[in-house]
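Inspection log for the structure reproduced underneath, given as structure tokens.
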Amino acid sequence: MSSANFARPFSNLKDKEYLYRLIISQMVYDGYDSVAINLAEFIQPKPECAPSNRLLHLMQLGLQADPEAQELRNSVQNTNKYVLPGVGIDLEFDCDVQSSAPDASRYETCYVTSHKAPCRTAAFSRDGQLVATGSEDSSIKILDTERMLIKSQMSQTDHETEQQKMESHPVIRTLYDHSEEVLCLDFHPTQQVLVSGGKDYTVKVYDFSKPSVKKAMRTIQEASVVRCLSIHPSGDYVIVGCMQPTLRLYDLTTLRCFVSSHSNDQHTEAVNCVKYSPYAQMYATCSNDGCIKLWDTVSNRCVATWKDAHDGEPVCSVQFSRNCKFVLSSGKDSLVKLWEVSTGRPLVIYTGAGSCKQKFQTRAVFNHTEDYVFFPDESTTSLCCWDSRNAERQQLLSLGHNNVVRCISHSPTQAAFMTCSDDFRARFWYKRTASD
């Protein structure tokens, strides 16, 4: 008997195990949770199965293929070229991908910067080289991530001259132009420009290419407190959300304002978060009215409204996945949800971040590979972490803050994030590698 014949039973067993996983994932995806749970209890798959539409996709490929078994097998294998683990979450293809990215518990604090009042917001640049923090003291700090890592590696015995300290200091700019608390920040995708919004009813546009800059080069006067903003991926526009519910789109060159002509499209209460999708074909908003809305960027019209997204509680944050198929949201119900854009259904719910409703607003974020979801636990000041595909809880990370964590922002390019707290501090977290 050939060695191939000996191997076939084991191969068939693995194929069946994979088939059962696909069946369970498809049933969860289609909403047949009770049937999926019963089958999972019998099969006991490890790790747990995430909702996925891959079984249907594979079946469609099979029906389109030649009836010969070899042709069918080749057509199914051809789908593997689309599986790109580590570049973003896609439940249609990668429900069984094992992540090589670190979970939250493996990060460590590398640098701490302090403001003179509670630190409320942070944002990374598109390349992950810079991070900005904003505070209730009305100041903004821009920090260099590489300099923070270098500082963290220096021993107490390393002596620097005053000139060296100045040249290597992680804080490369400190901006003062708001008269009240800074609530939101975003970097221009290609230029050394930072946009901020605050309690003083203004949007500030800073050109920080010059070391001496302190003030904004442009100011937009709003009608109420500016709570959130997001710059278009082209860098030409910024969408602004305020205490009053009408969204405004500004041309960053002319500062011309655009508002949807359909008032029924707007939220009915304060807007808490706005985010452009990576490909700029839409943007998402969330509000105290409990709704998540998707907007078309060309017409500036609302194309979908998910009401009571967090059981009627205010929705605090929204974020698109890199492939724009999903939206990650968090609410004051202490839940984090992953929504499918095409159907408007929550496919994954991440639980266990708190035993009661949140008092303050914060956000949920993906890590840089979208393999994990991070969310601060308000009651314990620790960081909750889940596998983004199957919502499996990972080990908690104590954030070391002495007060509530009001913001978390993860680098888009590396295993690093920033936390901002009412203890006046912003902490830079990083997962060191063997080469660091």
Side-chain angles (χ1 to χ4, degrees), residues 120-121 123 181 183-186 195-203 220-232 237-251 257-277 280-320 324 326-346 357-365 406-407:
R120 291 293 166 77
T121 187
E181 179 179 348
L183 293 174
C184 47
L185 299 163
D186 200 10
V195 180
S196 65
K199 271 192 174 181
D200 56 4
Y201 295 22
T202 64
V203 175
I220 300 171
Q221 188 64 49
E222 264 295 351
S224 63
V225 172
V226 179
R227 297 169 62 87
C228 55
L229 54 83
S230 181
I231 298 178
H232 190 281
Y237 302 95
V238 61
I239 191 80
V240 177
C242 298
M243 186 69 74
Q244 58 85 26
T246 302
L247 291 163
R248 289 177 172 82
L249 177 69
Y250 291 95
D251 185 314
C257 178
F258 302 89
V259 177
S260 174
S261 59
H262 299 266
S263 59
N264 291 336
D265 285 354
Q266 304 291 344
H267 287 283
T268 58
E269 295 185 38
V271 181
N272 293 326
C273 186
V274 56
K275 287 289 183 182
Y276 273 105
S277 65
Q281 77 273 37
M282 66 178 71
Y283 60 89
T285 60
C286 63
S287 167
N288 282 344
D289 62 13
C291 296
I292 296 173
K293 288 178 177 284
L294 302 182
W295 303 73
D296 176 69
T297 55
V298 176
S299 65
N300 209 24
R301 289 293 311 273
C302 177
V303 295
T305 299
W306 304 335
K307 295 182 178 179
D308 296 326
H310 283 260
D311 296 326
E313 293 294 324
V315 186
C316 303
S317 69
V318 284
Q319 179 185 352
F320 280 96
C324 305
F326 308 99
V327 169
L328 185 73
S329 72
S330 67
K332 277 199 171 182
D333 57 357
S334 298
L335 295 179
V336 180
K337 298 183 180 183
L338 186 70
W339 301 78
E340 186 178 41
V341 170
S342 61
T343 63
R345 293 187 299 138
K357 297 177 181 178
Q358 292 175 215
K359 181 180 179 182
F360 302 103
Q361 293 192 9
T362 187
R363 67 178 73 160
V365 297
R406 299 294 291 271
C407 179

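Remark: R406 CZ to F360 CZ distance equals 5.5 Å, nearest 0.5 Å. Within the model, atoms OH of Y237 and OH of Y250 stand 14.5 Å from one another, a figure rounded to the nearest 0.5 Å. With rounding to the nearest 0.5 angstrom, the CG atom of L183 is 8.0 Å from the CE atom of M243. The distance from the SG atom of C291 to the NE2 atom of H267 is 7.0 Å, given to the nearest 0.5 Å. Between atom SG of residue C316 and atom CG of residue N288 there is a gap of 8.0 Å, rounded to the nearest 0.5 Å. Atom-to-atom distance recorded for I292:CD1 and C286:SG is 6.5 Å, nearest 0.5 angstrom.
Side-chain N or O atoms of R227 include one that pairs as donor or acceptor with a backbone N or O of V271 at under 3.5 Å. At least one donor-acceptor pair under 3.5 Å links the side chain of T297 to the backbone N or O of A280. Panel note: side chain K337, backbone A309; a donor-acceptor pair is recorded below 3.5 Å. Distance alone, capped at 3.5 Å, is enough to place a donor-acceptor pair between the S277 side chain and the M282 backbone. Between the side chain of K293 and the main chain of D265, a donor-acceptor pair closer than 3.5 Å is present. With hydrogens and angles disregarded, a donor-acceptor distance shorter than 3.5 Å links the side chain of S260 to the backbone of H262. Judged purely by atom type and a 3.5 angstrom limit, D296 uses its side chain to pair as donor or acceptor with the backbone of S299.
Two residues are said to be in side-chain contact when any heavy atoms from C-beta on lie closer than 4.5 Å; F320 and F326 fail this criterion. Using a 4.5 Å heavy-atom threshold, the side chains of D186 and V238 count as separate. Contact annotation: the side chain of T285 approaches that of L247 to within less than 4.5 Å [non-hydrogen atoms, C-beta and beyond]. Looking at heavy atoms from C-beta onward, V226 lies out of side-chain contact with T202 at the 4.5 angstrom threshold. Under the 4.5 Å side-chain criterion, counting only non-hydrogen atoms from C-beta, K357 is not in contact with L335.
What you find for V315 and S329 is that their closest heavy atoms are CG1-CB, 4.4 Å. Here the closest heavy-atom approach between residue S334 and residue Q358 is recorded as OG-CG, 3.4 Å. Between A270 and S287 the shortest heavy-atom distance is O-OG, 2.8 Å. The heavy-atom pair separating V365 from Q319 by the smallest distance is CA-OE1, 3.4 Å. Across every non-hydrogen atom of L229 and G197, the tightest pair is CD2-N, 3.7 Å. Nearest heavy-atom pair, Q266 versus T246, reported as atom, atom and distance to 0.1 Å: OE1-CA, 3.5 Å.
Y283 pairs with exactly one of L249, N300, L294 by the side chain to side chain contact (heavy atoms under 4.5 Å, CB included) rule, that one being N300.
Ion pairing between K199 and E181 holds under the 4.0 Å rule for side-chain N and carboxylate O.
K275 and S230 form no side-chain donor-acceptor contact under 3.5 Å, judged by distance and modelled atom types alone. In the model, Q281 has no side-chain atom that pairs as donor or acceptor with a side-chain atom of Y276 under 3.5 Å. There is a side-chain donor-acceptor pair under 3.5 Å between T343 and E340. Side chains of Q221 and D200: a donor-acceptor N/O pair is absent below 3.5 angstrom, by distance only.
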| task | Go through V195 and L185 one step at a time and tell me if the side chain to side chain contact (heavy atoms under 4.5 Å, CB included) criterion holds. | result | CA-CA 6 Å; V195 180; L185 299 163; over 6 Å; no

